[in-house]
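Numbers here are sequence positions counted from 1.
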Amino acid sequence: VRHVLKSRCPPQVTFPHPQFTITSNNNAKDNSTHVDILRLLQSQPLVPTSLTFTQSHTLHLKKQCVPSLKCTTFEALAAHTWRSWVRSLDLSPLLSVKLLFSVSVRTRLNPQIPQGYYGNGFVLGCAETTVKDLVGANLRHGVKLVRQAKSDVNNDDYVRSMVDLLEDKTLKTDLSRSLVISQWAKLGLEDLDFGEGKALHMGPLTSDVYCLFLPVVGDLDAVRVLVSVPESMADKFEYYMTEFLSVEENNNGDHHHHANGNGYHAEDHNGNMVN
């Protein structure tokens with residue numbers, strides 16, 4: 001079955017693929033508009049944040065995009081997380097930043113990957129914009145970028161081009177200006193049982209530029225967002241992630257506050273629920 005994903009001979013790279021960079025290019029000197037976010041994060045203490053979004057919370061996010069733009073829960077939450085993460089890092093407005101996420105291509109190839117193939121069947125989608133445009137615009141702008149990144153990989157020619165590109169062994173994923181989101185909320189992890197019963201809790205995670213969307217045990221419609229940020233910016237990041245709920249409450253005249261003042265649940269660095 002692997003021949004379905006085999007590169008062509010000779011390789012035919014017919015699309016731009018900003019997800020990747022050539023290793024030799026990393027020796028170039030940084031300038032004022034190119035900051036290596038990965039190195040920046042690795043140079044200071046990081047703390048994990050674990051933020052739970054219920055179905056009601058994600059509906060509030062998606063409301064910011066309608067009626068002109070309908071979007072999925074992943075599109076809204078990915079754009080919101082990316083935007084909040086970039087805002088919290090205090091980066092140069094002119095810096096170009098990326099959001100990377102995996103997109104299944106099992107039904108996008110011609111011929112399709114057959115049933116029963118259990119190898120990897122995904123490519124990296126890439127949304128890219130400047131800090132100024134991502135942070136300065138509303139959520140709808142970020143969602144459009146995520147949707148466009150998904151659309152870009154939605155054809156056989158694009159996927160073939162990326163497969164051919166990956167034959168270049170000097171290539172690597174560009175993590176210098178990227179947040180990488182892995183959507184694991186719909187994989188059924190909450191039902192896994194290795195003999196001691198199903199999971200009671202998942203998280204938190206300490207990493208640099210990797211973010212996980214995980215299921216919430218007991219609430220199939222909720223998503224737990226796990227991402228690490230510099231210790232000095234953790235409170236700011238959590239504020240940016242949740243401020244939209246306070247705005248929504250004020251608009252609705254709802255002054256009944258719960259956890260964090262908005263019905264939103266966060267956890268400390270040990271995974272304990274806090275108010």
All heavy atoms of Trp82 vs all of Lys98, minimum pair found to be NE1-O, 3.4 Å
Indicate yes or no: at least one non-hydrogen side-chain atom of Phe194 is less than 4.5 angstrom from one of Leu192.
yes
Interatomic distance, CE@Met162 vs OG@Ser7, rounded to 0.5 Å, equals 14.0 Å
(Q) Just so I know, are the side chains of Cys211 and Leu179 near enough to count as touching, which here means a heavy-atom distance under 4.5 Å? (A) yes
* To do: Apply side-chain contact (heavy atoms from CB on, under 4.5 Å) to Val209 and Ser178, showing your working.
  => CA-CA 7 Å; Val209 296; Ser178 302; 5.8 Å; no
**Item:** Pair Lys198 + Asp191: basic N to acidic O under 4.0 Å
**Value:** yes
Between Cys65 and Val143 the two heavy atoms that sit nearest each other are SG-CG2, 3.7 Å
Rounding to 0.5 Å, atoms CG (Leu77) and OG1 (Thr58) come to a distance of 7.5 Å
Residues Asp164 and Arg160 bridged, charged N to O under 4.0 Å: no
Would you call Glu75 and Lys62 a salt bridge, taking side-chain N to carboxylate O under 4.0 Å as the test?
no
Closest heavy-atom pair, Pro18 versus Glu128, reported as atoms and distance to 0.1 Å, is CB-OE1, 3.6 Å
Checklist entry - Between Phe53 and Thr73, is any pair of side-chain heavy atoms under 4.5 Å apart? => result no
Original post:
Judged by atom type as modelled, is there a donor-acceptor pair below 3.5 Å linking the side chain of Arg224 to the main-chain atoms of Val216?
Top reply: no
Rounded to the nearest 0.5 angstrom, the CG-NZ distance for Leu166 and Lys172 is 14.5 Å
*Side-chain heavy atoms under 4.5 angstrom apart, residues restricted to Ile, Leu, Val, Met, Phe, Trp, Tyr: same cluster for Leu40 and Val86?*
yes
Check: Has Asp235 got more than 12 heavy atoms of other residues, nucleotides or ligands less than 6.0 Å from its CG?
Finding: no
Problem - Residues Thr173 and Gln19: side-chain donor-acceptor under 3.5 angstrom - result: no
Please check: side-chain N/O of Ser161 versus main-chain N/O of Phe15, any donor-acceptor pairing under 3.5 Å?
yes
Under 3.5 Å: donor-acceptor pair, side chain of Asp156, backbone of Asn110: yes
Would you kindly confirm whether Tyr240 and Val97 end up in one hydrophobic cluster when ILVMFWY residues are joined by side chain heavy atoms under 4.5 Å apart?
no
Heavy-atom closest pair (Ser207 atom, Leu46 atom, distance to 0.1 Å) is O-CD1, 3.3 Å
Practice problem: Please check if the side chain of Arg83 supplies one atom and the backbone of Val135 the other of a donor-acceptor pair under 3.5 Å. | Solution: yes
| query | Is it true that Tyr158 and His17 have ring centroids separated by less than 6.0 Å? | reply | yes
- Message: One pair to check against side-chain contact (heavy atoms from CB on, under 4.5 Å): Asp168 and Phe20. What are the steps and the verdict?
- Response: CA-CA 11 Å; Asp168 184 347; Phe20 303 102; over 6 Å; no
**Request:** For this output row, return yes or no: ring centroids of His57 and Phe244 closer than 6.0 angstrom.
**Result:** no
Exercise. Tell me, with the steps shown, if Val103 and Arg108 meet side-chain contact (heavy atoms from CB on, under 4.5 Å).
Key: CA-CA 10 Å; Val103 181; Arg108 291 173 165 85; 3.8 Å; yes
Worksheet entry | Single-linkage hydrophobic cluster Leu124~Val146, side-chain heavy atoms < 4.5 angstrom | yes
d(Lys144 NZ, Arg147 CZ) to nearest 0.5 Å is 10.0 Å
Minimal heavy-atom distance between Pro230 and Leu89, with the atoms involved, is CD-CD2, 3.9 Å
In terms of heavy-atom contacts, Arg177 and Asp174 come closest through NH2-OD2, 3.4 Å
Query - Shared hydrophobic cluster, Val123 / Tyr117 (ILVMFWY, side-chain heavy atoms < 4.5 Å) - result: yes
Query raised in the report: Would you call Glu167 and Lys6 a salt bridge, using N to O less than 4.0 angstrom?
Result: no
Checking Thr49, Thr81, Val227 against Met241 for side-chain contact (heavy atoms from CB on, under 4.5 Å), the one that qualifies is Thr81
CZ of Phe122 to CZ of Phe101, rounded to nearest 0.5 Å, is 12.5 Å
Do Leu226 and Leu189 share a hydrophobic cluster (ILVMFWY, side-chain heavy atoms under 4.5 Å, transitive)?
-> yes
Only one of Val47, Thr242, Leu51 passes side-chain contact (heavy atoms from CB on, under 4.5 Å) with Phe237, and that residue is Leu51
Are any of the side-chain heavy atoms of Asp90 and Lys236 separated by less than 4.5 Å?
yes
When rounded to the nearest 0.5 Å, the distance separating CG of Leu100 from SG of Cys126 is 5.0 Å
What's the verdict on side-chain contact (heavy atoms from CB on, under 4.5 Å) for Leu139 and Leu61, showing C-alpha distance, side-chain angles and the deciding distance? CA-CA 8 Å; Leu139 179 65; Leu61 275 179; 3.8 Å; yes
